[in-house]
Amino acid sequence: MAPARRPGRTATALLTLVTTVTACGPVADRQPGDLRAGYDSRDGSLTVWPARGALAGNAEVTAAVTATVRDWRSPIDDRVHLPSSGILWAGEVEGAPLALVAASVPGESASWLLQVTAPDGRYAVTHATEYTDPGYLVYSDVLPVRTADGRRYLVSARVQRVLGPDGRALTIADGLSAPVAVPACAAVPVTATLRATESLPRGRATDRLLDLGTGTEAPRYPLMRDEAGSGRRALAGLDTCALAGEEGPFGSVRRRVGDRESRDSVPASWPMAKLAVRTVGEVAVGGGQPGEVQQLTWETADGTMTAVVYRPAGGGTPVASRADRAAPLQAYVLPLPGQPLAVLTWRSNRETSLSVPPGTPRLVDRPGLAVLPLGADRLTISLATADKTHYRSLTAP
């Protein structure tokens, strides 16, 4: 049985889907222990992920893909639970076999989209991305596929059409789109139209997603929900490859597995939904024109994260901080060349008071926002509220 979903997701994800992990797929001579073809999830009478692709009914391919998936391990060495996984699509792409597998990895409560190919006749997992909302990969309706000729999308049976980044409908055959021109390091919109079903009696005209670019490295999942379109506005003009790096907002908070941090897992700060931006003020650096300081907020599997972005006057290259978990006092380091800055934000009222070390200059000082220069010494700041004092410490990079 699928786990309960956290509140705040879209209507699409709140579907009443029936999942039976012991059901058999329509594969001739399917052997016990083989992956099913398709996935036994339903929206009323509709099978959401039926078996598709020219090789979906090929028992030899199913056995080879099953053996490959059985041998695969996640970055923390967990294995796939085959009875609750399935081959969503199997066929030929660019002249070679390709199977797309929705893989359940119970040890880390995660869902993985595995691409299994055999360009030289030997099957192998050549690309693996983790969907960090546990167990809900098959509750999505558009899945990203990475191929040499560009991005493709695999869609569920609920999807009537998909609009690509240019706003034009994509050509889709047997559930898989033709190659789509997606930039490597920029976010672009993808919009699906969902048919009327039992869970969506009126359908859904605009199921909005953002593709963070083909430069997104595995196991990071490149699609995020963007219901209101705020994420598209927030990421306009930003380099998503830089945002995804270890010093960028989306990649800077590592996931903890047990008592250690996992470098190879999807970061705890990786975005899933509700990315938004607000302008918090302006600051002049080095005597130049004031640049805009924006605050990003977004939802991850680990909760709400925030960061700040400095957009220089005149259209220079934006600079982003590392991620900070949502807290009463948000503290960021903006690594501006030659002059790193501390940016502090909080919800200001008559009962809050910010304290900084004596003699520390404030480039910006107004309710809810302070910008301070960072030197070689550690800087400790406190925010007194009605019931508690919050402390943060920052150092220059």
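- Side-chain N/O atoms of Y332 and T306 include a donor and acceptor closer than 3.5 Å.
- For the residue pair P267 and F250, the shortest heavy atom distance occurs at CB-O, 3.7 Å.
- Between the side chains of E292 and T279, at least one donor N or O sits under 3.5 Å from an acceptor N or O.
- V333 and V285 fall into different hydrophobic clusters, where Ile, Leu, Val, Met, Phe, Trp and Tyr are joined by side-chain heavy atoms under 4.5 Å apart, directly or via other members.
- Among all heavy-atom pairs drawn from V65 and V101, the shortest one is CG1-CG2, 3.8 Å.
- Under the 3.5 Å distance criterion, with hydrogens and angles disregarded, a donor-acceptor pair is assigned to the side chains of S393 and T380.
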Problem set entry | L137/W49 under side chain to side chain contact (heavy atoms under 4.5 Å, CB included): CA gap, chis, key distance, verdict | CA-CA 11 Å; L137 181 73; W49 288 105; over 6 Å; no
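- Looking only at atom types and distance, the side chain of T304 has a donor-acceptor partner in the side chain of E299 under 3.5 Å away.
- For Y139 and D133, the side-chain atoms include no donor-acceptor pair closer than 3.5 Å.
- Counting all heavy atoms, side chain and backbone alike, P318 lies closest to P312 at CA-CD, 4.0 Å.
- Taken together through direct or relayed side-chain contacts under 4.5 Å among Ile, Leu, Val, Met, Phe, Trp and Tyr, L55 and L114 form part of one hydrophobic cluster.
- No donor-acceptor pair under 3.5 Å is formed between the side chain of T300 and the backbone N or O of P271.
- Nearest heavy-atom pair, R392 versus L329, reported as atom, atom and distance to 0.1 Å: NH1-O, 2.9 Å.
- Looking only at side-chain heavy atoms (C-beta outward), R311 and L238 come within less than 4.5 Å of each other.
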